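Structure first, then comments.
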Number of protein chains: 2
Amino acid sequence: MSTKVATLELASELRVALMRLTRRLRAERVDQGVTLTQISVLGALDRHGAMNLAQLAAQERVQPPSMTRTTAALEEAGLVDRSADPNDRRHTVFQLSAQGRQFLREDRRRREAWLADRLDELTTEERVLLHDVAPLLDRLAQS
Amino acid sequence: MSTKVATLELASELRVALMRLTRRLRAERVDQGVTLTQISVLGALDRHGAMNLAQLAAQERVQPPSMTRTTAALEEAGLVDRSADPNDRRHTVFQLSAQGRQFLREDRRRREAWLADRLDELTTEERVLLHDVAPLLDRLAQS
DNA sequence: TATTGTTATACTCTATAACTATA
DNA sequence: TATAGTTATAGAGTATAACAATA
């Protein structure tokens, strides 16, 4: 089936492009000391409010031990607060600290500087294309 | 400027989506023992023929020491051959071995299985979108 | 001296397995 | 027993700095 072949080729092209761009992005972390993964968690807490570790791990599609590391780093940096859920003390609830909120606010102006600069060089059509494709990529990641 | 704000938001959405999907893809490596990064290098050697280490590193947008690791793993797996360039013995030329070529041939049928399955669930329009965006992502990675 | 590639070292991100605390 | 989270351990992928071999 030629449709299937096209799909396999597309999968290959797409994956290679994704890897290269992700690698490039990781090299461009703007703020030393706060990684892209950590910023992603801060953004999730900002969008969805306080969450426990399992919820954060599910949201970010990582295993709990990976999230333990990320939240530990964020807590040490003073960007999130942790508290035990009074109803079930096995749950650890994380939320943005005032400093974390401030970080996101400041970061919003300068983050993604490299990618934004590249996007500015694109045509309007290309930006529309990327805008349309972002939620699709996210859906693929969560399927 | 609202255009600039939109660009920053787009950069953020796009980056988060890229990270999640890349993470998901890395978790789905089909063939145990050969990683996605290694397959990417095999593909580059297949497309562009023999290359030295610096050329491979530039092609994959990594630093030379990173590529040294990758080629060492591929050589140990018997998937690439190395030889000294007779004209300049500082250059190490890498090429696909017969086994590496065979690996790519077999892999072509089964690789990207997870992503291909997901892509098959998409509409034709969505696949067209991804097909159009793949080279754009690659261009961004190389800019 | 300059260039190519490797080695030494370290950090990020991820995972699985085993453990602790709580329910 | 079952669940939530942490710790221990490991491996892939990346980087910079220092080095060896070759030009």
Side-chain angles (χ1 to χ4, degrees), chain A residues 15-16 18-42 50-77 80 82-94 141, chain B residues 15-16 18-42 50-77 80 82-94 141:
Chain A
R15 183 185 61 68
V16 170
L18 288 170
M19 281 187 51
R20 290 198 178 135
L21 184 49
T22 302
R23 189 184 288 149
R24 187 72 181 75
L25 274 167
R26 284 203 183 274
E28 284 293 329
R29 55 173 167 286
V30 181
D31 193 84
Q32 307 294 19
V34 183
T35 67
L36 296 178
T37 298
Q38 291 167 15
I39 294 177
S40 186
V41 170
L42 291 177
M51 280 190 277
N52 65 34
L53 189 126
Q55 291 170 324
L56 272 177
Q59 173 68 33
E60 294 294 308
R61 308 279 151 176
V62 296
Q63 294 301 308
S66 302
M67 189 50 68
T68 292
R69 273 207 166 191
T70 303
T71 51
L74 287 171
E75 194 187 11
E76 193 180 354
V80 303
R82 88 166 53 210
S83 54
D85 182 335
N87 298 324
D88 184 342
R89 300 210 347 237
R90 290 172 308 181
H91 290 88
T92 309
V93 180
F94 295 94
Chain B
R15 184 186 60 69
V16 170
L18 288 170
M19 281 187 51
R20 289 196 179 136
L21 184 49
T22 302
R23 189 185 288 148
R24 187 72 181 78
L25 274 166
R26 283 203 184 274
E28 283 293 329
R29 54 173 169 284
V30 181
D31 192 84
Q32 308 295 18
V34 184
T35 67
L36 295 178
T37 298
Q38 289 166 15
I39 293 175
S40 187
V41 170
L42 292 178
M51 280 190 277
N52 65 33
L53 190 126
Q55 290 170 325
L56 271 177
Q59 173 68 33
E60 294 294 308
R61 308 278 149 174
V62 297
Q63 293 301 309
S66 303
M67 189 50 68
T68 292
R69 272 202 168 195
T70 304
T71 51
L74 286 170
E75 193 186 11
E76 194 182 352
V80 303
R82 89 165 54 210
S83 54
D85 182 337
N87 298 324
D88 183 343
R89 300 214 343 240
R90 291 173 306 181
H91 290 87
T92 310
V93 180
F94 296 93

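Below, chain A is the first sequence line, B the second, and so on; all start at residue 1. These figures come from a predicted structure and were not determined experimentally.
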Report task. Would you kindly compare B:Q63 and A:F94 by the position of their nearest DNA chain D nucleotide and give the one closer to the 5′ end? Result -> A:F94
Query - B:L36 backbone acceptor or donor facing B:S40 side chain under 3.5 Å - result: no
Requested in this report: Report the distance from atom CG of A:D85 to atom C1' of D:dG5, rounded to the nearest whole Å.
Outcome: 13 Å
Requested in this report: Under 4.0 Å between any heavy atoms, over every strand shown, what does B:T68 touch: base, sugar-phosphate, or nothing? Just pick one.
Outcome: base
Report task. Considering just the side-chain nitrogens and oxygens of A:T35, establish if one lies under 4.0 Å of OP1 or OP2 belonging to C:dC13. Result -> yes
Report task. Work out which heavy atom in B:A54 is nearest to a heavy atom in B:N52; give both atom names and the distance. Result -> N-OD1, 3.1 Å
Report summary line: Separation of C:dT22 atom C1' from A:H91 atom NE2, nearest Å, is 11 Å
Report task. Rounded to the nearest angstrom, tell me the gap between atom CZ in A:R90 and atom C1' in C:dT22. Result -> 6 Å
Report task. With heavy atoms under 4.0 Å as the rule, sort A:R24 into base, sugar-phosphate or nothing. Result -> nothing
Query raised in the report: How would you label the contact of A:S66 with the nucleic acid (heavy atoms, under 4.0 Å): base, sugar-phosphate, or nothing?
Result: base
Requested in this report: For residues B:D85 and B:N87, report the shortest heavy-atom separation together with the two atoms involved.
Outcome: OD1-N, 2.8 Å
Requested in this report: For B:R69, report the nucleic acid contact type (base, sugar-phosphate, nothing); a contact means any heavy atom under 4.0 Å.
Outcome: base
**Report entry** Between C1' of D:dA4 and CG of A:N52, the distance in whole Å
**Finding:** 8 Å
Query raised in the report: Would you say C:dT12 has OP1 or OP2 under 4.0 Å from some side-chain N or O of A:T37?
Result: no
Requested in this report: Write down the distance between CZ (A:R26) and P (D:dA12), rounded to a whole number of angstrom.
Outcome: 17 Å
Query - Taking every non-hydrogen atom, the tightest pair across A:M19 and B:R26 - result: CE-NH2, 3.8 Å
Query raised in the report: D:dG5 C1' sits how many Å from A:M51 CE, rounded?
Result: 16 Å
Report summary line: Whole-Å distance, B:R23 CZ to D:dG13 C1', equals 15 Å
**Report entry** Nucleotide D:dA12, atom C1' - distance to CG of B:L74 in whole Å
**Finding:** 13 Å
Query raised in the report: Quick one: on DNA chain C, does A:D88 or A:T70 contact a more 5' nucleotide (nearest heavy atom)?
Result: A:T70
Query raised in the report: A:A50 and A:V93: which non-hydrogen atoms are nearest, and at how many Å?
Result: CB-CG1, 3.7 Å
Query raised in the report: Mapping A:Q38 and B:A54 to their closest nucleotides on DNA chain C, which lands nearer the 5' end?
Result: B:A54
